[in-house]
Asker: 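Can you keep this structure in mind? I'll have questions shortly.
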Amino acid sequence: MSNPTTPRPVRVRFAPSPTGELHLGGLRTALFDYLWARHTGGAFILRIEDTDQKRYDAKSLESLMRGLRWLGLEWDEGPDVGGPHAPYIQTERAAFYQQHAQMLLDSGAAYRCYCTAERLTEMREEQRRTKQTTGYDRRCRHLSPAERAEREAAGMPSVVRLAVPTEGKTTFTDLIRGDITVDNRQLQDEVLLKSDGLPTYHLAAMVDDHLMEISHVLRGEEWLSTAPIHKLVVEAFGWELPVLVHLPVILDPSGKGKMSKRKKVVEGKEYLALVHEFISAGYLPDAMFNFLTNVGWNYDPMVEIFEREEAIERFDITQINPKAAALPYDKLDWLNGQYIRQITPAALKAQLTPILSKQLKISEAKLSADNRLDILVPQIQERLKRLDEAVEWIDWAFKSADEIVYDDPSLLLGRKLDAAQSIAVLEDGAAVLRTIEPFLPDNTQAAFRERATALGVSAGGYFGPFRAAISGKKVSPPLFESMQALGRDEVLRRVQRGVEELGKMG
């Protein structure tokens, strides 16, 4: 299937530069690429633009590929899966760019520039001093053939620059923004090929998009200013420009600033920005898929949760909203909570294990085999919005009795009971706990309710001291399942700790 805006089969590419961790905005771009490719039956291509070798980071490449696959965005062609247009890493395609740069030189659409870094720095400083627009002054564009030959004979290093028209206008079309026209006098003779033989984005992306038969380019709004240059490069080769879609900027939750590439504090709350941070925090990929699909596009205003296949069926790039929008983190938390509740306790335990392993400093293998998690996970499933919140609910279960800290000893007091009465409740309950067989929640609860009635104490008043003694917290998972998770002996040790703590209150 093709788009009405081009007769070509749909082929889209996500082309990150591995110079840092994958940002949520980049993940949204990749998702829209993926949705459009799957909606049209086209191809989703991963291309690595690593020509900035000074900033290249192999770890960030691994991380971004891991982030894409975490979201379920499998590519049809790419560095690790191959394809008809391999290689898909730009530093392995240098010969293509050098060949095409020479084509532009031969046609007069580009020229060699021999200006040194020192000369360019002095030029910009002078421009700033005289309050001129900063930019290359085109000195080498006007060199005579003899002057060029002299520089070549001297072995002077050079870059290749695009010879931008100095008159007229350049118009390009953005699918969701319409025609945009720029006066050519505002454009610079951009570098296309650096002195080390590697291309800049302006050349490499255009060459690769043509050779890889890319039909649509989805990229961030920040690239709008470069589109006229890219239109001129493509025209210089006599090629057809892909359909351009510049995606709207994602704003932080305040709606006042662009979403940062680092954690940001807005109104006293810290917000994440990098994909690996969302993974570590325990957001589920299905929740993130649902959430990001609605950032800049909308599945249906009346539908909060939808399946991936439903999104693929409806997705239409012509309906992307070009206006920037604040990122509704609260909506993401709500969605994540909904998805957490939909999975089985066993699946939730599997998702929690690697996160809890880091938080509790217990190996994943030990946690996977630990029946305490099997008992407690179903009890906290309804309460979680993020997986990293689970530790606050259950960390006490993985401590020894001596490690439980009673920051607020008054929590050990039963409702409407003083310290002496609360001690009596704990000692009474301890005697009951020693006799219960089998040691299961229903049996323990029934026995405790019976004893509360016999002592003339409310159920809440009787249960409260045990909850605090066991966990050291005001709020914890249901009491009797917590007892089951700990086991009788550990419960009795913690009850004794509670009695001792209450004794200090006098």
Side-chain angles (χ1 to χ4, degrees), residues 15 17 19 47-56 87 89-124 127 133-168 170 172 182 184-212 214 217 223 225-242:
S17 178
T19 56
R47 187 173 76 216
I48 305 303
E49 300 191 341
D50 63 338
T51 56
D52 187 352
Q53 284 292 290
K54 291 182 180 178
R55 298 173 59 213
Y56 173 77
I89 297 178
Q90 285 188 335
T91 50
E92 298 175 12
R93 299 173 60 83
F96 290 114
Y97 312 128
Q98 292 162 8
Q99 175 189 1
H100 283 80
Q102 189 60 52
M103 291 167 60
L104 294 180
L105 289 168
D106 293 343
S107 70
Y111 61 94
R112 289 195 177 277
C113 172
Y114 304 90
C115 292
T116 64
E118 291 76 17
R119 193 258 153 180
L120 294 176
T121 298
E122 292 174 1
M123 176 198 70
R124 293 189 190 97
Q127 289 170 337
T133 301
T134 56
Y136 183 56
D137 59 7
R138 297 186 167 105
R139 172 185 286 188
C140 290
R141 182 167 176 171
H142 306 296
L143 293 176
S144 67
E147 289 172 319
R148 292 188 184 283
E150 180 183 347
R151 284 162 174 73
E152 289 294 321
M156 291 182 65
S158 65
V159 301
V160 175
R161 290 184 181 271
L162 179 66
V164 172
T166 55
E167 298 180 351
T170 296
F172 68 94
V182 176
N184 289 336
R185 287 175 297 182
Q186 299 176 8
L187 304 177
Q188 301 289 326
D189 285 6
E190 300 288 353
V191 174
L192 301 179
L193 194 72
K194 295 177 286 188
S195 58
D196 61 4
L198 289 176
T200 64
Y201 177 83
H202 305 305
L203 178 65
M206 300 309 104
V207 170
D208 286 346
D209 286 347
H210 174 72
L211 296 181
M212 294 181 183
I214 301 302
V217 171
W223 290 103
S225 63
T226 67
I229 293 293
H230 300 160
K231 174 78 176 294
L232 292 171
V233 171
V234 166
E235 286 182 340
F237 284 117
W239 299 338
E240 180 182 352
L241 189 69

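Nothing fancy with the numbering, it's 1 onward along the sequence. Side-chain atoms are counted along with the backbone in the values below, which use heavy atoms only and exclude waters and symmetry mates.
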Asker: Assess the pair His100 and Phe237: is the distance between their ring centroids shorter than 6.0 Å?
Answerer: yes
Asker: Partners of Tyr56 by ring-ring contact (aromatic ring centres under 6.0 Å, His included), sequence neighbours excluded?
Answerer: none
Asker: Backbone N or O of Thr166 within a donor-acceptor pair of the Asn184 side chain at under 3.5 Å?
Answerer: no
Asker: Which heavy atom of Arg112 sits nearest to which heavy atom of Ser158, and what is that distance?
Answerer: NH1-OG, 3.1 Å
Asker: Does the plane of the ring in Tyr111 sit parallel, tilted or perpendicular to the ring in Tyr136? Use 30° and 60° as the thresholds.
Answerer: parallel
Asker: Does the side chain of Asp208 come under 3.5 Å of the side chain of Tyr97 through a donor N or O and an acceptor N or O?
Answerer: yes
Asker: For Arg151, enumerate each residue passing the salt bridge (Lys or Arg N to Asp or Glu O under 4.0 Å) test, keeping only those at least two apart in sequence or located in another chain.
Answerer: none
Asker: Quick one: SG on Cys113 to CG on Leu192, what's the gap to the nearest 0.5 Å?
Answerer: 11.5 Å
Asker: So if I apply the side-chain contact (heavy atoms from CB on, under 4.5 Å) rule between Leu203 and each of Thr51, Leu193, Ile229, which one comes out positive?
Answerer: Leu193
Asker: Between the main-chain N or O of Gly135 and the side-chain N or O of Gln127, is there a donor-acceptor pair closer than 3.5 Å?
Answerer: yes
Asker: Distance check, rounded to the nearest 0.5 Å: His210 atom NE2 versus Phe96 atom CZ?
Answerer: 11.5 Å
Asker: Considering non-hydrogen atoms only, spot the tightest contact between Glu49 and Arg47 and give its length.
Answerer: OE2-NH2, 3.0 Å
Asker: How close do Ala163 and Gly108 get, counting heavy atoms only, and between which atoms?
Answerer: CB-O, 4.1 Å
